[in-house]
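Below is one structure, written out as structure tokens, with a few remarks after it.
Source: prediction; values computed, not measured. Read the numbers this way: they start at 1 and go in the same order the structure lists the ligands and their atoms.
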Amino acid sequence: MNFFSLSAAIMLLAGVAKAQNPLITNQYTADPTAKVFEGKIYLYPSHDILATPGHGRLAWFCMEDYHVFSSPNLTDWTDHGMIVSQTTVPWVDATTYSMWAPDCVYRNGKYYFYFPSTASGGVNGKGFTVGVAIADKPYGPFKPLAEPIKGVHGIDPCVFVDKNGQAYIYYAQGNIYAAKLKDNMTELASDPVILGELPAQGLKEGPFVFERKGIYYLTYPHVANKIERLEYATSNNPMGPFKFAGVIMDESASGCWTNHHSLVEFKNQWYLFYHDRDLSPKFDKARSVRADSLFFNADGTIRKVIPTLRGAGLTRANKQIQIDRYSAISNQGTKVDFIDTANYMKGWKTTFNQKGAWVRYNAVDFSVKKLKDIDVMATSAQGTNVEIRLDKPTGPLLATAKVSKGANWHTTKTALLKTPVGKHDLFVISKDASPVDIDWVKFN
Ligand code: FUB
């Protein structure tokens, strides 16, 4: 690797290595399709950007390209960079910034990336249609086909390849449509039909189909009330009829109008990938991808997923542990806010303003050797003491950090009283009433 490609690789890794929610914090990401390819999780999201005069429709979705990300462990994420752009697809009208929710599947040695967008006048009718880009590797390079798929009018493509090799395409246009695909994966083999057996009222979009233990699951966002929630229906046939089976995730607590998702099994655990507006609290069309564990009941029904900040990945003790992505907090005296409301991408801080206030942060990996001390990145006007304990508020004391008084953020280094091994939950506890803001803690 030469100097320039090494620097580029380091840049792509920087800022995206997150074990918590949201997963990607250096750009907006939405509509996550997660797949397991070559032993890793590959994430194919949409890429929200903010429209500016002359570039996209103001105060609306604005998406010009796609990035692909991968992770060997749900903790370390690599951004492989841009794979398809509105300017590199021959049929896309590059003034529309409408590269909406994509999917990617593997078939016969190739990776097929499906994406909706708006065609230049005359191609395949007006409005959204679906194109295909093909690669030899899950991270590209992807070569877009010159024309979109004939006969598909809609958004949010999902392609499912059944055990017998038959491929199906699902997409949305108010309702959810399904059709068979030919073996070439780029042409319809049957006319699209509406899956009309789903709840009749309210927008349905973002279909994601998979099979588990002989049950075909059609999962989809649905506006059953005022904004989208994630629902699912099941069938014994990929073309249906599907029977409504339940809600996977309730409407967003933040009020994000859309949700869009995928389900994936990785290393014997199922995960739900979805999105919310973590990095854009005032504008819900600049979204961020999240992941949480998902569980099936013995009868194949899906247990509702409660969104967490902590997410699904283990956090290594010697990385910055963002305790504001907590697993639990004390009933009183703990608050989480943005560090800088002028730049939400700087992330969050935890404020303690009461003696005994605490944060629990689950699943820290202490398999790192020779840990000697801990850094606490904090600021406290009057100065204060912060305890770090393992597993419970009265668990083994690792250190008491004496945060000195002052207006600036600074790290306080404290020698460890014990060296933990294995996987533990971490408690960070305020020992005094004087307020303190904490950005992160990190073992060295
Ligand atoms: O990202 C644009 C659109 O918002 C998607 O296509 C929908 O599923 C919704 O998430």
Q: Mark yes or no: K285 above the aromatic ring of F61, with NZ or CZ under 6.0 Å from the six-membered ring centre and no more than 45 degrees from the axis.
A: yes

Q) Is it the case that R212 places NZ or CZ above or below the six-membered ring of F296, under 6.0 angstrom from the centre and within 45 degrees of the axis? A) yes

(Q) For the backbone of N164 and the side chain of D162, can you confirm whether one donor and one acceptor N or O come within less than 3.5 Å of each other? (A) no

Q. Polar-atom distance check: H260 versus ligand 1, any N or O pair below 3.5 Å?
A. yes

Q. So is D31 polar-close to ligand 1, meaning N/O to N/O under 3.5 Å?
A. yes

Distance-only donor-acceptor hits, side chain of residues 234-241, under 3.5 Å, sequence neighbours excluded:
{"unit_1": "S235", "atom_1": "OG", "unit_2": "N237", "atom_2": "N", "d": "3.0"}
{"unit_1": "S235", "atom_1": "OG", "unit_2": "N237", "atom_2": "O", "d": "3.0"}
{"unit_1": "S235", "atom_1": "OG", "unit_2": "P241", "atom_2": "O", "d": "2.9"}
{"unit_1": "N237", "atom_1": "OD1", "unit_2": "M239", "atom_2": "N", "d": "2.8"}

Q.
Below 4.0 Å from ligand 1: does a non-hydrogen atom of H275 turn up there or not?
A. yes

Q: Assess E228 for proximity to ligand 1: is some non-hydrogen atom of it under 4.0 Å away?
A: no

Q) What part of R287, side chain from CB on, backbone N/CA/C/O, both or neither, has a heavy atom under 4.0 Å from ligand 1? A) side chain

**Q.** Element-labelled atoms of ligand 1 that are located less than 4.0 Å from some non-hydrogen atom of M63
**A.** 1 (O), 2 (C)

Q | Under 4.0 Å to a heavy atom of A101 - the qualifying atoms of ligand 1, by number | A | 6 (O)

Q. Which of parallel (below 30°), tilted (30 to 60°) and perpendicular (above 60°) describes Y216 and F160?
A. perpendicular

Q: Tell me yes or no: between the side chains of R287 and T258, is some donor less than 3.5 Å from an acceptor?
A: yes

Q) What protein heavy atom sits nearest atom 3 (C) of ligand 1, and how far off is it? A) W100 CE3, 3.6 Å

**Q.** For atom 5 (C) of ligand 1, closest protein heavy-atom neighbour
**A.** D156 OD1, 3.4 Å

Q: Just do the side chain to side chain contact (heavy atoms under 4.5 Å, CB included) check on F210 and T219 with the steps written out, would you?
A: CA-CA 9 Å; F210 65 98; T219 66; 3.9 Å; yes

